[in-house]
Trainee: 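This is the structure, below, for whatever I ask next.
Protein chains get the first letters and strands the later ones, always in sequence-line order, with residue 1 at the start of each.
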Protein chains: 2
Amino acid sequence: MASAAAPDQSPRPVRFGILGCASIARKLARAMLLAPGAAVAAVGSRSEEKARLFAADNGLDAATTRLHGSYEALLDDPDVDAVYLPLPTSLHVRWAAAAAARGKHVLLEKPTALCAADLDAILAACDAAGVQFMDSTMWMHHPRTAKMRELVDGKEAIGDIKVINSVFSFRANEDFLQNDIRVKPDLDALGSLGDVGWYCIRAILWAVDYELPKTVIALRDPVKNRAGVLLACGATLYWADGKTATFNCSFLTNLTMDVTLVGTNGTLHLTDFVIPYEEKSAEFCVASKSNFAKLHTRWDPLPSKHVVTTDLPQEALMVQEFARLVQNIRDAGGKPEGKWPAITRKTQVVLDAVKASIDKGSEPIEVAS
Amino acid sequence: MASAAAPDQSPRPVRFGILGCASIARKLARAMLLAPGAAVAAVGSRSEEKARLFAADNGLDAATTRLHGSYEALLDDPDVDAVYLPLPTSLHVRWAAAAAARGKHVLLEKPTALCAADLDAILAACDAAGVQFMDSTMWMHHPRTAKMRELVDGKEAIGDIKVINSVFSFRANEDFLQNDIRVKPDLDALGSLGDVGWYCIRAILWAVDYELPKTVIALRDPVKNRAGVLLACGATLYWADGKTATFNCSFLTNLTMDVTLVGTNGTLHLTDFVIPYEEKSAEFCVASKSNFAKLHTRWDPLPSKHVVTTDLPQEALMVQEFARLVQNIRDAGGKPEGKWPAITRKTQVVLDAVKASIDKGSEPIEVAS
C-alpha cells in the first residue's frame, strides 16, 4: 500500500459512463472492470431502475457507480470522462454528438452510423470538442491482430494480397428475427450488413492497410425481412490494382467468422476473427511458399499454426487503449489519436457503397473517398 | 500361393494404356501400380523412346509394358482395356473419342474439354461404344470426401448450405508462365480456369449434390497473359433458391485449396481439398450449432476436427474404382456407370458459363442444362 508520503504515480482512471443497457454493454462493463486505467463511474438508462438492475447484474459497485434515469442526465454528470454508447444505430448520431458536445470522449458501438454523413456529424462533434473517438470493434485490439499485422506488413510470408474472403454469420432464433433491434427498420436499419458485415468490411480493409476499394458490387438476391431490413447479403470489392475481396454476412446461417488472405507468397486463415474460440488464446494458420512433395502426393512445407495468448480479453484491451488515449488528452495535454476515426470512416464509406449497390440491384458503385 | 487346382477367383486386372507422358501421368502410373485391379499394359507417346524413358522412370516392368511410338499404335493395341489420357485439353476431343471408338474405356484428365460441345462429342463416343467414362478428379475418391458427403447429406450437422467459398491457386514460376502447356492458347486455352478453377467448380457442385446454378457472373478484372489465356479469375454462382458460391482460381498466388460450406446448422472448412496435406490422413473441420458462452466471451461448443485415414492414396482409389466399373462391363456384362459422365458434364457446363461471362466482361450468364 502506498504511504501518504509517496503519492501514487499511476494516472487517474478514466471514468466511463455507460449510455444504455444493451446486452453488449454487459461485456463492456466487465471489460471496464478488468482494464487497467478504466472505471465505471455511471450508468445511464431510460429509467433509474433499469440502470440499477444493470449495475447490480454486472458487479458494479453500488457505492461508487452513479445511476442516471436518462441519457441526458448521464451526459450532464461532470465526473464522467468518457461514454460508451451501445444504443441502436439510429440513435448514434444524436447521442454521440451530444456526448462530444459535453466534452465526453466517445467509445461507440458498431455500426457507428446509418451512413457516412451521420458518422461525419459525429466525428465533426468529436473534432470540435477535442475528444477521442473510437468504435467498439474489439478484435482490432487482440494481440493476435497485431501479430498478423506484423506478418502481413513484413511482406515475406504473405507477399502481395490478391484475394480476400470473409464470412461472418450467426443463426438467429425466431425471437431475434421477430424482436431484436437489429431487424427493426427504425432502430438498426442496416440489419446484418451493419451488425456483422461491419466486421467483414473492417477485416478486409485491415488486410489491405485501409486502402479503399475502387468499386463495390453487392451479391445478388440479398435476403430481407418484410420491413426491408437485410438478413443476409454480401459483396465483392475491387481495387484498382486487381485485388478483390468477397464477403458474406448473415443472420441465417451457423456462427462463422472467417478471414482468408491469399497472397503471392502465402495464405493466412482464421476462422474466429471477431470472437476467438477461447478467451485466453487465439490461433491463425499461415501457409507460406507452399509447394508439393515429389509427384504432388502431399504438401511440403506444411502450413504452420500460430498461437497468441492474452491475459486480458480483447474488449478489455480495447478499453485500456481507449483509456490510455483519453488520459493522454485529459492529463497530458495531448491530442486525440486520428487513426481510429479514420479507420471507422473508411469502414462506413465501404458499408455505404455496399448498401447503395444492394439498393440498386447489385449495380457497381464507385467508392467515395 | 494358389495351387494350379484352385483357380484365382479375383477378376483379371484392367489393362491400362497411358496415352501421353505428361508430368501428371507419373502420378497416375504410380496409382496404377498401387491400385488393386489395375495394371499398366502399355505406354504410348509421340516416340517409342519417350515411352521407354517414361516406363523406366516410373518403375514400369520392362518385360510386360508395351511401348508404342504413337497414340494410334496404343489405341490399336488389342490388349489394352482402358486408356488414361493426360494430353493437353485441345487434344482431348480427338483422342478420347478415338479411344472410345476402339472400345477402350476412358479415364480423362481435367479439364475434360475446351467446351461442353467438345465434351458431348467425347461422351457420345463413349456412349456409342458402351465404354466407361470418368474424369480424373482425384479428390472425389478420397474417403474424406465420402465422409463429408455423409455429413452434408445427413442435413443435421450442416443444414441447408447457403454460402460456398472455394479457392484453388498455386504460384507458378517464370518457366511455367512462359512455357507450360497451361498458358498456351493452342493447348490449354482455359488456363487457370480449366486447370484449377475446374476443381473449385466441382467442389461447389459436389456440395450442392450437383444442382446446377441458375446464373453465373465472373469476377471483374481477370488476369490474362499476352496470348489471352487466363492466369487468374473467379466467379459467383447463383441458385434459384438463393444459395451463392464464389470461387477464385489463379496461377499467381500461393498454393491454396479451400472449400468452405456455410449452412443453416453448421460450417465445414477444409484447406487442402484437392491434394491433402498428408497422403495417409486428411482432415476437415465442422462447427455445428455453434454458439457463445455467457457474455459472448468464447465459443461453446467449439468446432470439431475430423480425421480420415487411407491406406491407398486418392489417385489409386480413383483407379481402383474406375477398374471396378470396367471389370463390371468387361467381365460381367454390366453397363457403364452414368454418374461419372453426368458429373463431368455439369462441371464443364458451369465452366463454359464462367468463360462466357469472362468473355462478356462479367455479364450474367444463364447456365444451360
Side-chain angles (χ1 to χ4, degrees), chain A residues 23-24 26-27 30 158-163 165 167 169-171 215 217 219-221 223 232 234 236 238 242 244 246 248 250 252-256 258 260 262-267 269 271-272 275-279 285 287-293 295-299 302-303 313 315 364, chain B residues 23-24 26-27 30 158-163 165 167 169-171 215 217 219-221 223 232 234 236 238 242 244 246 248 250 252-256 258 260 262-267 269 271-272 275-279 285 287-293 295-299 302-303 313 315 364:
Chain A
S23 160
I24 184 69
R26 297 165 54 83
K27 188 170 183 176
R30 173 172 174 261
I158 308 293
D160 298 324
I161 293 170
K162 296 291 187 187
V163 171
N165 283 324
V167 180
S169 73
F170 64 85
R171 174 82 180 269
T215 310
I217 306 179
L219 298 182
R220 296 179 159 212
D221 310 327
V223 183
T236 300
Y238 295 92
T244 65
T246 299
N248 290 269
S250 172
L252 305 176
T253 47
N254 186 60
L255 182 59
T256 305
D258 289 2
T260 301
V262 186
T264 48
N265 291 351
T267 311
H269 288 108
T271 53
D272 59 351
I275 298 176
Y277 293 133
E278 304 279 5
E279 199 169 28
C285 278
S288 192
K289 296 173 187 169
S290 305
N291 215 324
F292 295 117
L295 289 188
H296 293 197
T297 54
R298 58 181 173 83
W299 292 42
L302 292 171
E315 58 274 17
Chain B
S23 158
I24 184 68
R26 299 165 53 84
K27 188 169 183 175
R30 172 172 173 261
I158 309 293
D160 297 326
I161 293 170
K162 296 293 186 184
V163 171
N165 283 325
V167 180
S169 73
F170 64 85
R171 173 82 181 269
T215 310
I217 306 179
L219 298 182
R220 297 181 157 208
D221 310 326
V223 182
T236 301
Y238 295 92
T244 64
T246 299
N248 290 270
S250 171
L252 305 177
T253 47
N254 186 59
L255 182 59
T256 304
D258 288 3
T260 301
V262 186
T264 48
N265 291 351
T267 310
H269 288 108
T271 52
D272 59 350
I275 298 176
Y277 293 134
E278 304 279 4
E279 200 168 30
C285 279
S288 192
K289 297 172 186 169
S290 305
N291 215 323
F292 295 117
L295 290 188
H296 291 197
T297 53
R298 59 181 173 82
W299 292 43
L302 293 172
E315 58 273 17

Trainee: Using non-hydrogen atoms only, which part of Pro313(A) is less than 4.5 Å away from chain B: side chain, backbone, both, or neither?
Mentor: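 For Pro313(A), there is no contact with chain B at all, as no heavy atom is under 4.5 Å.
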Trainee: Who pairs with Asp160(B) by side chain to side chain contact (heavy atoms under 4.5 Å, CB included), at least two apart in sequence or on another chain?
Mentor: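 Side chain to side chain contact (heavy atoms under 4.5 Å, CB included) list for Asp160(B), sorted by chain: Lys155(B), Lys162(B), Thr264(B).
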Trainee: Where does Tyr277(A) contact chain B at under 4.5 Å (heavy atoms): side chain, backbone, both or neither?
Mentor: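 It is both, since atoms from each part get that close.
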Trainee: Checking Leu255(A) now: which residues fulfil side chain to side chain contact (heavy atoms under 4.5 Å, CB included) with it, not counting sequence neighbours?
Mentor: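 Residues passing side chain to side chain contact (heavy atoms under 4.5 Å, CB included) with Leu255(A): Phe168(A), Phe170(A), Met257(A), Ser290(B), Phe292(B), Trp299(B).
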Trainee: When heavy-atom pairs shorter than 4.5 Å are enumerated against chain B, which of Asp221(A), Thr267(A), Leu302(A) gives the highest number?
Mentor: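 Greatest number of close heavy-atom pairs with chain B: Thr267(A).
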Trainee: Check whether Ser288(B) gets within reach of chain A through its side chain, its backbone, both or neither, counting any heavy atom under 4.5 Å.
Mentor: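 Answer is backbone: N, CA, C or O of Ser288(B) sit under 4.5 Å from chain A.
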Trainee: Who among Thr256(A), Asn291(A), Asp272(A) has the most heavy-atom pairs with chain B under 4.5 Å?
Mentor: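 Top count of heavy-atom pairs under 4.5 Å with chain B: Thr256(A).
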Trainee: Is chain A contacted by the side chain of Ile217(B), its backbone, both, or neither, given a heavy-atom distance below 4.5 Å?
Mentor: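 Only the side chain of Ile217(B) comes within 4.5 Å of chain A.
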Trainee: Donor-acceptor pair, distance only, cut-off 3.5 Å: does the side chain of Asn254(B) make one with the backbone of Ala287(A)?
Mentor: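 Yes: the side chain of Asn254(B) pairs with the backbone of Ala287(A).
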Trainee: Taking atom types as modelled, is there a side-chain donor on Thr246(B) or Thr246(A) under 3.5 Å from an acceptor on the other?
Mentor: no
Trainee: Under a 3.5 Å threshold, yes or no: a donor from one side chain and an acceptor from the other, between His269(A) and Asp258(B)?
Mentor: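 Their side chains do contain a donor-acceptor pair, which is all the 3.5 Å distance test asks for.
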Trainee: Taking every heavy-atom pair that is under 4.5 Å apart, which of Leu219(A), Ile158(A), Thr244(A) has the most such pairs with chain B?
Mentor: Leu219(A)
Trainee: Report which part of Val262(A) has an atom under 4.5 Å of a heavy atom belonging to chain B: side chain, backbone, both, or neither.
Mentor: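 When you check distances to chain B, atoms from both the backbone and side chain of Val262(A) fall under 4.5 Å.
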Trainee: Heavy-atom pairs under 4.5 Å with chain A - which of Thr253(B), Leu252(B), Val163(B), Thr236(B) has more of them than the others?
Mentor: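 Looking at each of Thr253(B), Leu252(B), Val163(B), Thr236(B) in turn, Thr253(B) comes out on top.
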Trainee: Report which part of Arg220(B) has an atom under 4.5 Å of a heavy atom belonging to chain A: side chain, backbone, both, or neither.
Mentor: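 Interface part for Arg220(B): both.
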Trainee: Check Pro364(B) against Thr215(B) and note the closest heavy-atom contact, atom names and distance.
Mentor: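 Taking Pro364(B) first and Thr215(B) second, the nearest heavy atoms are CB-CG2, 3.8 Å.
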Trainee: Evaluate Ile275(B) against Lys27(B) for side-chain contact (heavy atoms from CB on, under 4.5 Å), listing each step before the verdict.
Mentor: CA-CA 12 Å; Ile275(B) 298 176; Lys27(B) 188 169 183 175; 3.8 Å; yes
Trainee: Which one wins on heavy-atom pair count under 4.5 Å against chain A: Lys289(B), Glu279(B), Glu315(B)?
Mentor: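 That would be Glu279(B).
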Trainee: Please flag which part of Asn165(A) lies under 4.5 Å from any non-hydrogen atom of chain B: side chain, backbone, both or neither.
Mentor: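 For Asn165(A), side-chain heavy atoms alone lie under 4.5 Å from chain B.
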Trainee: Side chain, backbone, both or neither: which part of Thr297(B) has an atom under 4.5 Å from a heavy atom of chain A?
Mentor: both
Trainee: Select one option (side chain, backbone, both, neither) describing which atoms of His296(B) are under 4.5 Å from chain A's heavy atoms.
Mentor: both
Trainee: May I ask you to check whether Ser169(B) and Ser250(B) show a side-chain donor-acceptor distance below 3.5 Å?
Mentor: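 There is no such pair (donor and acceptor under 3.5 Å, judged by atom type) between the side chains of Ser169(B) and Ser250(B).
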